[in-house]
Amino acid sequence: MKVKLLTTISFFTYQLSISQTEKLLHGKVMSNNNPLTKVEVINKTAKTSTRTNNLGEFSILVKSRDSLLFFSKDYFFTRLKITQENIDQNNIMVKMVVKPEELKEVLVTTIKFDPVKISQQDIDATKLTKEANSLQKYTGVYDGTIPNGINFARLGTGLARLFQSDDDKAVKTKTPETNFKKLVATSIPDDFFTKNLKLKPEEKNLFIEFCDADPNSKKLLENSNILTTMDFMYAKNEMFKKLKTESKN
């Protein structure tokens, strides 16, 4: 009985030691049966990363229950929780979904036409011609027109000028993006803010502004790395949430 008990304990101890030892995991990243190159493969748990080669293949050290993140600019963010089965198989296949193509921003500009210049002499000549051709003046027959009617075009122009405000004349300018904001836009997927940082969608821009205000954000630009950027944003998120809690109290 003791021998069986010791054998059982030894077996479980062996299994536990195996599960806690890092092993080199091989895999391949595909999309629509095409291998994806230069995909960032990040072991979030161990804080290590690598990239896929031209065949979409990668190798990275993992343990059971490690969390792998797969990121490529034109594809949706993918996450994989490593199991002992994945490690034993040692040849995992990861499929990524391409993002829909976004329409480029169209800039609408104001086109100014040269005004048509009409002199008072031309206006008077037009009136004389109209009166000369008027049936009502010479025959007494009503032709549907209003003699000496109101010039609605001139009246409308005058009212428009009267009620035009200074705000209508002002040209709106777009606040330029900083280099840090561009780095975040090109390297950090949108669902990282909601799934990983647990931020509300309406808090995303405010949080990025909060990170941008930190002088350390400029250091990320010198050696831009997605893993380093994520670590920085994890740390800033703790401070961001703390400030939100204090402001509510």
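Remember, it's a predicted structure, so these values are computed and weren't measured experimentally.
- Asp191 and Thr194 are not linked by any side-chain donor-acceptor pair at a separation below 3.5 angstrom, with hydrogens and angles left out of the test.
- Minimum interatomic distance between Ser187 and Pro189 (heavy atoms only, all atoms of both residues): O-CD, 3.7 Å.
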Derivation and outcome, side-chain contact (heavy atoms from CB on, under 4.5 Å), residues Ile188 and Met230: CA-CA 8 Å; Ile188 305 298; Met230 284 182 172; 4.0 Å; yes

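- Taking both residues in full, the closest heavy atoms of Leu36 and Tyr75 are given as CD2-OH, 3.3 Å, listed atom of the first, atom of the second, then distance.
- The number of heavy atoms from other shown groups lying within 6.0 Å of CG (Asn54) does not exceed 12.
- Asp214 places no side-chain N or O within donor-acceptor distance of the main-chain N or O of Cys211, the cut-off being under 3.5 Å.
- Asn43 places a side-chain N or O within donor-acceptor distance of the main-chain N or O of Leu61, the cut-off being under 3.5 Å.
- Within 6.0 Å of the NZ atom in Lys81, the count of heavy atoms belonging to other residues, nucleotides or ligands exceeds 12.
- The two residues Val39 and Ser72 make their nearest non-hydrogen contact at CG2-CB, 4.2 Å.
- Going from atom OG1 of Thr48 over to atom CG of Leu68 covers 8.0 Å, rounded to the nearest 0.5 Å.
- The shortest heavy-atom contact between Val62 and Leu25 is CG2-CB, 3.6 Å.
- Judged by distance alone, with hydrogens and angles left aside, the side-chain atoms of Thr245 form a donor-acceptor pair with the main-chain N or O of Lys241 at under 3.5 Å.
- Distance check: Phe70 CZ to Glu40 CD gives 11.5 Å after rounding to the nearest 0.5 Å.
- The closest side-chain heavy-atom distance from Thr228 to Asp231 is not below 4.5 Å.
- A salt bridge links Asp212 with Lys218; the closest basic N to acidic carboxylate O contact falls under 4.0 Å.
- Rounding to the nearest 0.5 Å places NZ of Lys23 at 13.5 Å from CG of Asp66.
- Once rounded to the nearest 0.5 Å, the distance linking CG of Asn196 with CZ of Phe77 reads 5.0 Å.
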From CA spacing to verdict: side chain to side chain donor-acceptor pair (under 3.5 Å), Asn34, Ser31: CA-CA 5 Å; Asn34 295 317; Ser31 178; over 6 Å; no

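- Shown here is Glu85, whose CD atom has no more than 12 heavy atoms of other residues, nucleotides or ligands within 6.0 Å.
- Summarising the local packing, NZ of Lys95 is surrounded by 12 or fewer heavy atoms from other residues, nucleotides or ligands at distances under 6.0 Å.
- Across Arg65 and Thr45, no two heavy atoms sit closer than the pair O-OG1, 4.3 Å.
- With rounding to the nearest 0.5 Å, the separation of NZ in Lys236 from CG in Leu197 is 13.0 Å.
- Taking the six-membered ring where tryptophan is involved, the planes of Phe240 and Phe210 are tilted, since the angle between them lies from 30° to 60°.
- Within a 6.0 Å radius of CG in Asp88, other residues, nucleotides and ligands contribute more than 12 heavy atoms.
- Looking at Thr52, its side chain does come within 3.5 Å of a backbone N or O of Lys38 through a donor-acceptor pair.
- When all heavy atoms of Phe193 and Met233 are compared, the closest pair comes out as CE2-CE, 3.4 Å.
- Leu80 CG to Lys44 NZ: the interatomic distance, rounded to the nearest 0.5 Å, is 13.0 Å.
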